[in-house]
A.B. asks: 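I have a structure here, written as structure tokens, and I will follow up with some questions on it.
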Amino acid sequence: MSTLSQVAPGYRARHTLPLRVEAVRQLRRRRTLVMAVVLTALPFVLVAAFAIGGTPEGRDDRISLMDTATASGANLAATALFVSAAFLLVVPVALFCGDTVAAEANWSSLRYLLAAPVPRTRLLVSKLAVALGFSAAAMVLLPLVALAVGTAAYGWGPLRLPTGGELPAGDAVLRLALVVLYIFLSQLVTAALAFWLSTVTDAPLGAVGGAVGLTIVGNVLDAVTALGSWRDFLPAHWQFAWADALQPHMEWGGMVKGVSVSVAYALVLFALAFRGFGRKDVVS
């Protein structure tokens, strides 16, 4: 018989591996719980550190969000994003996107999923959608907890800007939401890299570690000022462009460039993942 519908009446490819089923499977994973605990604990650690160490100060006499961390709950949320955006928030993205397909291969369950039969494109779409959803949830969880903890510790009030002035509390929350959205979009390149590696290896740790490692390499290259304007093509060069959203007059230029670079790389890597997995001989 030439088609699946002839072999199995009632078969619908779009009904295989529902997003709800995949989301529940990933939610029950221990690494999901551990990541949630780490992100939830960070605001408490910051409050404890400020209580022990006193008034926060910037490094090397540079003005930063750290200087105003204890001004309000909104300030603590902004500070939590500031200290975690470069690395801590990279980890859940790499973990959720890099572990998703490679883990199935490592457990020798990938071929059984495809034999269900779950079409390869459907499998990748389901797993990628859930992985990106969990990554977004991780980025929302941190500032939400920080805002609640900061409000309890320092009160509800405007976002005090390190350079002077302040944003009303309502505007500050909207700006912080924009910051979270920007960080998520800027991390799409890490997500795509991890996902692509997950489709070419049976080792989840290799996919996750490879994505994190290459992200670190990008940060190192961005620090090489001799590269000049070539650094504009590095996603890491724009990782703190969201700071322009926390100004009295918001600037969009840096964020637009950062999102453009990240999305461009991500589309290429996602295409490689789908193309390569579609032709891959799955034996595990």
A.B. asks: Should Leu272 and Thr199 be marked as a side-chain contact (heavy atoms from CB on, under 4.5 Å) after you check the CA-CA gap, both sets of side-chain angles, and the distance that decides it?
C.D. replies: CA-CA 9 Å; Leu272 288 175; Thr199 63; over 6 Å; no
A.B. asks: Does the distance from a Lys or Arg side-chain N to an Asp or Glu carboxylate O, for Lys257 and Asp232, drop under 4.0 Å?
C.D. replies: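 Looking at Asp232 together with Lys257, the answer is no, because their closest N to O distance does not fall below 4.0 Å.
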A.B. asks: Would a single hydrophobic cluster contain both Leu167 and Leu81, if residues Ile, Leu, Val, Met, Phe, Trp and Tyr are joined by side-chain heavy-atom contacts under 4.5 Å?
C.D. replies: yes
A.B. asks: Please round to the nearest 0.5 Å and tell me the distance separating atom CD of Gln187 and atom OG of Ser135.
C.D. replies: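 So the CD of Gln187 and the OG of Ser135 are separated by 9.0 Å.
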A.B. asks: Decide whether Leu128 and Leu124 are clustered together by the hydrophobic rule: side chain heavy atoms of Ile, Leu, Val, Met, Phe, Trp, Tyr closer than 4.5 Å, transitively.
C.D. replies: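 Yes, because Leu128 and Leu124 connect within a single hydrophobic cluster, where side-chain heavy atoms sit under 4.5 Å apart.
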A.B. asks: Shortest non-hydrogen contact from Ser186 to Ser262?
C.D. replies: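 Ser186 and Ser262 have their closest heavy atoms at O-OG, 3.1 Å.
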A.B. asks: Taking atom CG of Leu95 and atom OG1 of Thr190, what is their separation to the nearest 0.5 Å?
C.D. replies: 13.0 Å
A.B. asks: Answer yes or no: are there more than 12 heavy-atom neighbours, outside Arg175 itself, under 6.0 Å from its atom CZ?
C.D. replies: yes
A.B. asks: Report yes if the side chains of Leu33 and Val37 come closer than 4.5 Å at any heavy-atom pair, otherwise no.
C.D. replies: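 Side-chain contact under 4.5 Å: yes.
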A.B. asks: Looking at Ala77 and Leu147, what are the two nearest heavy atoms and their distance?
C.D. replies: CB-N, 4.0 Å
A.B. asks: For residues Trp252 and Asp244, determine if any side-chain heavy atom of one lies less than 4.5 Å from a side-chain heavy atom of the other.
C.D. replies: no
A.B. asks: Between Phe277 and Trp196, is there a side-chain heavy-atom distance shorter than 4.5 Å?
C.D. replies: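 Answer no - side chains too far apart.
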A.B. asks: Answer yes or no: is there a side-chain heavy-atom contact under 4.5 Å between Val261 and Phe233?
C.D. replies: no
A.B. asks: Heavy-atom count check: over 12 atoms from other residues, nucleotides or ligands less than 6.0 Å from Gln247 CD?
C.D. replies: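 Atom CD in Gln247 is packed in, count exceeds 12.
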A.B. asks: Evaluate the side-chain proximity of Leu161 to Thr68: yes if any heavy-atom separation is below 4.5 Å, no if none is.
C.D. replies: no
A.B. asks: Between Trp242 and Phe82, what is the ring plane arrangement, given parallel below 30°, perpendicular above 60°, and tilted in between?
C.D. replies: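 Geometry flag for Phe82 against Trp242: perpendicular rings.
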A.B. asks: Grouping I, L, V, M, F, W and Y whenever their side-chain heavy atoms are under 4.5 Å apart, do Met250 and Ile183 come out in a common cluster?
C.D. replies: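 Hydrophobic grouping puts Met250 with Ile183.
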A.B. asks: Give the cluster check for Phe270 versus Phe184: same hydrophobic cluster or not, with ILVMFWY residues linked at side-chain heavy-atom distances below 4.5 Å.
C.D. replies: yes
A.B. asks: Tell me every residue that passes side-chain contact (heavy atoms from CB on, under 4.5 Å) with Leu221, counting only those two or more places apart in sequence or in another chain.
C.D. replies: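 side-chain contact (heavy atoms from CB on, under 4.5 Å) list for Leu221, sorted by chain: Val217, Leu227, Leu234.
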A.B. asks: How many angstroms lie between atom CZ of Phe240 and atom CG of Asp222, to the nearest 0.5 angstrom?
C.D. replies: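 Interatomic distance, Phe240 CZ to Asp222 CG, rounded to 0.5 Å: 10.0 Å.
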A.B. asks: Using the rule side-chain contact (heavy atoms from CB on, under 4.5 Å), only one of Val125, Val130, Leu123 pairs with Lys127; which is it?
C.D. replies: Leu123
A.B. asks: Verify the neighbour count for atom CG of Leu205: are there more than 12 heavy atoms of other residues, nucleotides or ligands below 6.0 Å?
C.D. replies: no
A.B. asks: Is any side-chain heavy atom of Phe96 closer than 4.5 Å to a side-chain heavy atom of Arg31?
C.D. replies: yes
A.B. asks: Determine, using the 4.5 Å side-chain heavy-atom cutoff (strictly less than), whether Val180 and Val91 are members of one ILVMFWY cluster.
C.D. replies: yes
A.B. asks: Is Val224 close to Arg231 at the side-chain level, that is, under 4.5 Å between some pair of heavy atoms?
C.D. replies: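 They are not in contact (no side-chain heavy atoms under 4.5 Å apart), so the answer is no.
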A.B. asks: Is it true that a side-chain atom of Thr100 and a backbone atom of Ala131 form a donor plus acceptor pair closer than 3.5 Å?
C.D. replies: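 Checking the backbone N and O of Ala131 against the side chain of Thr100, no donor-acceptor pair under 3.5 Å is found.
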A.B. asks: Mind listing the closest non-hydrogen atom pair of Met139 and Val93 along with its distance?
C.D. replies: CE-CG2, 3.3 Å
A.B. asks: Between Ser84 and Leu89 (side chain of the first, backbone of the second, donor and acceptor by atom type, cut-off under 3.5 Å), is there such a pair?
C.D. replies: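 No, because the side chain of Ser84 does not come within donor-acceptor range (under 3.5 Å) of the backbone of Leu89.
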A.B. asks: Would you compute the distance between atom CG of Asp67 and atom OG1 of Thr79 and round it to the nearest 0.5 angstrom?
C.D. replies: 9.0 Å
A.B. asks: To the nearest 0.5 Å, what is the distance between CG on Leu197 and SG on Cys97?
C.D. replies: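 Leu197 atom CG to Cys97 atom SG measures 11.5 Å (nearest 0.5 Å).
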A.B. asks: For the residue pair Ser72 and Asn75, what are the closest heavy atoms and their distance?
C.D. replies: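 The pair with the smallest heavy-atom distance is OG-OD1, 3.0 Å.
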A.B. asks: Which heavy-atom pair separates Val145 from Pro43 by the least distance, and what is that distance?
C.D. replies: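 Shortest heavy-atom contact: CG1-CG, 3.8 Å.
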A.B. asks: Let me confirm one number: the CG-OG1 distance from Leu46 to Thr70, rounded to the nearest 0.5 Å.
C.D. replies: 11.5 Å
A.B. asks: Does a side-chain heavy-atom distance below 4.5 Å link Leu159 with Val173?
C.D. replies: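 In short, these two side chains do not touch, never coming nearer than 4.5 Å.
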A.B. asks: Describe, in one word, how the ring planes of Phe195 and Phe274 are oriented to each other, choosing from parallel (under 30°), tilted (30 to 60°) and perpendicular (over 60°).
C.D. replies: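 Tilted, since the angle between the ring planes falls between 30° and 60°.
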A.B. asks: Minimum heavy-atom separation for Phe134 and Ala23, please, with both atom names.
C.D. replies: CZ-O, 3.5 Å
